[in-house]
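Shown next, in structure tokens, is the structure this report addresses.
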2 protein chains.
Amino acid sequence: MISLTEENYLKALIYLSSLAPGIEEKKDVGTSELASYLKLKSSTVNEMLKRLKEKNLINHEKYKKITLTHSGERNGLKIIRKHRLWETFLFTKLDFDWIEIHEVAEQLEHIKSEKLVEKIDRLLGYPNFDPHGDPIPDKHGKIPQRITKSLSAVNKGEKCIVLAVSDTSKDFLNYLEDLDISIKTEIFVIDKIAFDQSIKIKIRQEQFSLSRKVADNLLVGDKFN
Amino acid sequence: MISLTEENYLKALIYLSSLAPGIEEKKDVGTSELASYLKLKSSTVNEMLKRLKEKNLINHEKYKKITLTHSGERNGLKIIRKHRLWETFLFTKLDFDWIEIHEVAEQLEHIKSEKLVEKIDRLLGYPNFDPHGDPIPDKHGKIPQRITKSLSAVNKGEKCIVLAVSDTSKDFLNYLEDLDISIKTEIFVIDKIAFDQSIKIKIRQEQFSLSRKVADNLLVGDKFN
DNA sequence: TATAATAGTTAGTATTGCCTAACAAAGTAA
DNA sequence: TTACTTTGTTAGGCAATACTAACTATTATA
């Protein structure tokens with residue numbers, strides 16, 4: 001059994017080694033780095049590292065860097081999955097604010113029940129991204145690719161489907177609602193105006209134009225999932 | 001701050017002093033009784049009692065019985081409220097089985113977020129009873145009276161409102177759904193048939209009859225809270 | 001390369017929450 | 001009322017998780 005505290009260490013290790021902003025490929029993590037991220041003393045972390053190694057969740061040799069074992073990675077991703085699913089639940093089902101969801105999800109992520117996670121996942125319609133746009137690992141630990149193609153990058157005469165937004169502000173989301181644009185909406189690009197980089201589109205037989213800023217913040221793909 | 005363990009002690013004290021089956025009025029609780037209920041040793045409980053007294057959650061004099069202070073009672077009821085709301089959520093929103101809900105709610109009840117509790121309460125439509133029929137304390141700690149009057153007890157020519165059911169089987173609930181009877185449904189009793197003790201009723205201008213068994217399991221009142 | 005700065009480790013301490021063993025108080029029954 | 005039983009308390013330990021202080025290894029820099 002992995003304790004709540006241990007779970008947080010694993011989560012932190014995954015974050016620092018591969019999820020933190022600006023990380024391209026996996027990097028090894030040191031004791032102090034982990035300690036400062038968790039706001040703990042190195043000595044405390046050091047002791048925990050022994051326990052995690054004991055449990056086969058990490059690889060660690062004296063004075064060397066820390067890496068996760070396969071089991072450690074799998075278990076850490078489970079917590080991240082739960083965290084992001086709960087955030088999505090709080091945001092979409094309970095109308096929590098964007099800012100409040102993290103703290104509560106931080107608690108909910110430790111609830112132990114496979115069934116609960118799957119039920120929540122289903123209730124939410126198996127989302128690929130949480131309200132922050134972070135990818136939600138599936139039950140096998142597979143992480144969906146972050147969507148990077150924005151509507152601005154779609155060529156004239158092509159169609160695409162809205163997959164996510166990069167701006168999650170209420171203002172933007174409300175504006176999209178007014179336009180009746182949401183996840184899965186199909187957009188056809190009629191024209192791209194060079195002058196102000198605005199874009200002329202067709203949605204469900206209706207035509208209108210979007211500013212460059214709006215187009216930038218709409219993340220799209222060829223098909224849904 | 002009350003720890004998870006302390007919360008469980010408070011919950012146990014409320015249970016043993018007033019909620020356990022067969023308790024008419026509040027009764028004081030002893031160390032061993034509490035220990036055996038929590039499956040702990042008396043010495044362990046004894047130590048915890050000191051901490052709870054320190055925190056002003058219980059009254060306890062050496063070798064005497066334990067009683068909850070106002071604060072202890074309020075805090076304990078909060079946990080019970082959360083537990084029962086989560087059970088209701090799991091059962092009605094996530095389709096968990098009657099048997100599975102307790103264990104998961106046992107974990108969820110310790111999540112600290114006033115807002116979360118209120119949101120869940122609202123999502124559920126402010127229920128008065130959980131799927132087991134146990135009353136859910138409101139946010140001020142007020143416990144709804146268990147409803148004891150069944151439709152069978154309503155006189156000919158009187159009307160009443162459905163407040164709860166005493167049978168929570170899928171079969172029964174599905175049957176009620178077919179009849180379009182649910183919480184808050186107004187029922188007018190047209191006639192009571194002595195022969196088979198069935199009952200003739202009117203709901204929203206429609207007339208039909210219910211068997212004695214069904215009427216027994218419909219708990220009613222004059223008005224909805 | 002010598003030394004200073006940074007990173008990592010060890011030892012000793014505290015708190016929470018649990019245990020066993022030994023003992024003291026209260027309740028019960030001969 | 002004495003003796004037995006049940007109940008409650010104290011003392012001493014242990015594991016998990018955190019701390020400070022002191023020490024050692026590694027890395028970076030003058």
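Quick note on labels: first sequence line is chain A, next is B, and so on, each numbered from 1. Computed from heavy atoms alone, side chains included, the values below leave out hydrogens, waters and symmetry copies.
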Can you tell me the distance, in whole Å, between the [atom1] atom of [X] and the [atom2] atom of [N]?
X: I2(B); N: dG17(C); atom1: CD1; atom2: P; value: 12 Å
X: I58(A); N: dG8(C); atom1: CD1; atom2: C1'; value: 13 Å
X: L52(A); N: dT17(D); atom1: CG; atom2: C1'; value: 12 Å
X: H60(A); N: dG8(C); atom1: NE2; atom2: C1'; value: 8 Å
X: N8(A); N: dA18(D); atom1: CG; atom2: P; value: 9 Å
X: L40(A); N: dA7(C); atom1: CG; atom2: P; value: 17 Å
X: I66(B); N: dG8(D); atom1: CD1; atom2: P; value: 7 Å
X: M48(B); N: dT15(C); atom1: CE; atom2: C1'; value: 12 Å

**Request:** Select base, sugar-phosphate, or nothing to describe what T44(A) touches, counting heavy atoms under 4.0 Å on all strands.
**Result:**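 Result for T44(A) = base.
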
**Nearest-nucleotide comparison on DNA chain D, the residue closer to the 5′ end among S3(A) and K62(A)** =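 Checking each residue's closest nucleotide, the 5'-ward one belongs to S3(A).
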
**Message:** Pairing donors with acceptors under 3.5 angstrom, does anything connect the side chains of H83(B) and D130(B)?
**Reply:**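 Distance-only check fails for H83(B) and D130(B).
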
When you measure from the side chain of [X], which nucleotide among [options] comes out closest?
X: K41(B); options: dC19(C), dA18(D), dT7(D); result: dC19(C)
X: Y63(A); options: dC18(C), dG8(C), dC19(D); result: dG8(C)
X: E47(B); options: dC18(C), dT10(C), dT17(D); result: dC18(C)
X: E6(A); options: dG17(C), dT10(D), dT17(D); result: dT17(D)

**Asked** Any Lys/Arg nitrogen of E47(A) or K41(A) sitting under 4.0 Å from an Asp/Glu carboxylate oxygen of the other?
**Response**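 No.
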
**Asked** Is the shortest side-chain N to carboxylate O distance from K119(A) to E100(B) below 4.0 Å?
**Response**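 Answer for the salt bridge query: no.
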
Has [X] got a side-chain N or O lying under 4.0 Å from the OP1 or OP2 atom of [N]?
X: K50(B); N: dT10(D); answer: yes
X: S42(A); N: dG8(C); answer: no
X: K39(B); N: dC18(C); answer: no
X: Y9(B); N: dC18(C); answer: yes

**Request:** With E73(B) as reference, evaluate K26(B), K11(B), K78(B) under the salt bridge (charged side-chain N to carboxylate O under 4.0 Å, His left out) test and give the passing residue.
**Result:**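 Considering K26(B), K11(B), K78(B), a salt bridge (charged side-chain N to carboxylate O under 4.0 Å, His left out) with E73(B) is found only for K26(B).
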
**Prompt:** When only distance counts, do a donor and an acceptor, one from the side chain of S43(A) and one from the base of dT20(D), lie under 3.5 Å apart?
**Reply:**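 Present.
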
**Message:** Checking D121(A) against R81(A) for the salt bridge (Lys or Arg N to Asp or Glu O under 4.0 Å) test, could you report, in this order, the C-alpha distance in whole Å, the side-chain angles of both residues, the deciding distance, and whether it holds?
**Reply:** CA-CA 10 Å; D121(A) 197 15; R81(A) 167 173 164 76; 3.0 Å; yes

